[in-house]
Amino acid sequence: MSGGAVRQGGPYPSCAAAACRMVVGRRAGMGDAAFAPYLARQAAQVRERRATVADVQAQDHDRQLENAAAWSYLARRVGDAADPNGGLRIALPSGPRRTRALAERRRAGYRRRLMDLVSQARDAVEEVLADDTEHAVSTLPGRLCGLCRGGCCTRGGDHAYLTAGTLRAYMRRHPEMTDVEVVERYVASLPPASQAGSCINHTPAGCALPRDMRSATCNAYACESLARLLDAQRGDPAPRVVLVVQRSKDKWTHAGKDVDDRMVGIASLTEAGTRRFRMPAKHVATSDGIRHTDRCARD
Ligand code: SF4
Ligand code: SF4
């Protein structure tokens with residue numbers, strides 16, 4: 001069932017894989033009459049799993065080909081003058097497009113959670129994590145996240161990754177504030193409306209929470225796309241142009257079988273600005289009027 005060396009076992013030889021041997025090993029306890037349908041079910045499940053994996057791989061392969069074609073197109077449009085090394089090629093997720101008024105229920109839950117975190121922060125004695133991580137001075141990381149619109153913020157929910165450690169760091173920087181004042185400062189930073197299905201602080205213009213009030217997770221996080229850029233910027237020569245192919249799904253939902261992770265934009269980024277291109281006709285999946293900003297989604 002799983003390949004590898006075949007072990008002879010009467011009418012039911014098995015390969016060397018543990019799962020395969022375990023299935024065939026059940027024959028002794030079940031008897032042949034029950035074993036035959038059991039084996040057929042197991043084999044069908046294995047075939048189904050393999051077909052799913054093959055589908056996912058094929059769909060991923062198609063997306064890679066589509067990305068490669070779009071990057072080549074962008075490279076031709078941008079030209080060698082912009083970056084003799086051809087630029088850095090990045091596939092980017094997308095943050096949510098719709099905004100929803102913030103329900104009072106979410107605001108109240110957020111306040112309750114903050115009160116709990118603040119009281120833990122007062123009691124705890126652990127060391128404070130540095131909460132003020134900054135990315136490079138280059139504008140490219142901010143442009144990349146701005147184009148993405150916070151594709152990693154969709155799991156921020158109503159917790160926004162805030163911990164007692166975040167609150168403790170903030171309270172140490174503001175010893176003059178009472179616990180209630182700290183909680184109310186956070187609640188006052190909430191936007192009137194936030195992105196549908198995303199973090200309570202996520203707005204179309206980025207994160208509503210000032211950077212020094214955010215969690216270390218939010219301040220330090222880099223998805224694969226951003227990490228690739230930061231990594232490339234440490235190289236010599238650093239990329240002068242980033243060629244971006246943007247897909248519709250967010251950071252957390254882009255993979256898997258039959259995911260509609262369509263291409264929704266192509267752009268080039270330089271220190272001077274973001275330039276969006278019309279997609280070649282065959283790639284146009286939506287003309288969705290996505291709102292892009294040049295600000296970092298988490299700024
Ligand atoms: S770090 Fe987040 S906002 Fe920035 S590109 Fe990645 S998913 Fe998008
Ligand atoms: S960066 Fe802001 S919007 Fe994004 S998850 Fe963190 S708190 Fe929420």
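Start at 1 and go down the list; that is how both ligands and their atoms are numbered.
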Indicate if the distance from atom 6 (Fe) of ligand 2 to the nearest N, O or S atom of C153 falls below 2.8 Å. no

Partners meeting salt bridge (Lys or Arg N to Asp or Glu O under 4.0 Å) with E104 (sequence neighbours left out): R107

I'd like to know if the side chain of S225 and the backbone of A91 have a donor-acceptor N/O pair within less than 3.5 Å. yes

By number and element, which atoms of ligand 2 are closer than 4.0 Å to a non-hydrogen atom of H202? 3 (S)

Out of G151, C218, P191, A208, whose heavy atom sits nearest atom 5 (S) of ligand 2? C218

Is the shortest distance from a Lys or Arg side-chain nitrogen in D179 or R122 to a carboxylate oxygen in the other one below 4.0 Å? yes

Taking heavy atoms and a distance under 4.0 Å, where does L92 meet ligand 1: side chain, backbone, both or neither? side chain

Hey, does G150 sit under 4.0 Å from ligand 1 if you only count heavy atoms? yes

With sequence neighbours left out, write down each residue that passes side-chain hydrogen bond (donor to acceptor under 3.5 Å, both in side chains) with S194, or none if nothing qualifies. none

Run the numbers for me: atoms of ligand 1, each under 4.0 Å from some heavy atom of C148, listed by number. 3 (S), 5 (S), 7 (S), 8 (Fe)

For C145, which part has a heavy atom under 4.0 Å from ligand 1: side chain, backbone, both, or neither? both

Is there an N/O/S atom in C199 that lies less than 2.8 Å from atom 2 (Fe) of ligand 2? no

Ring centres under 6.0 Å, that's the criterion: do Y170 and Y186 meet it? yes

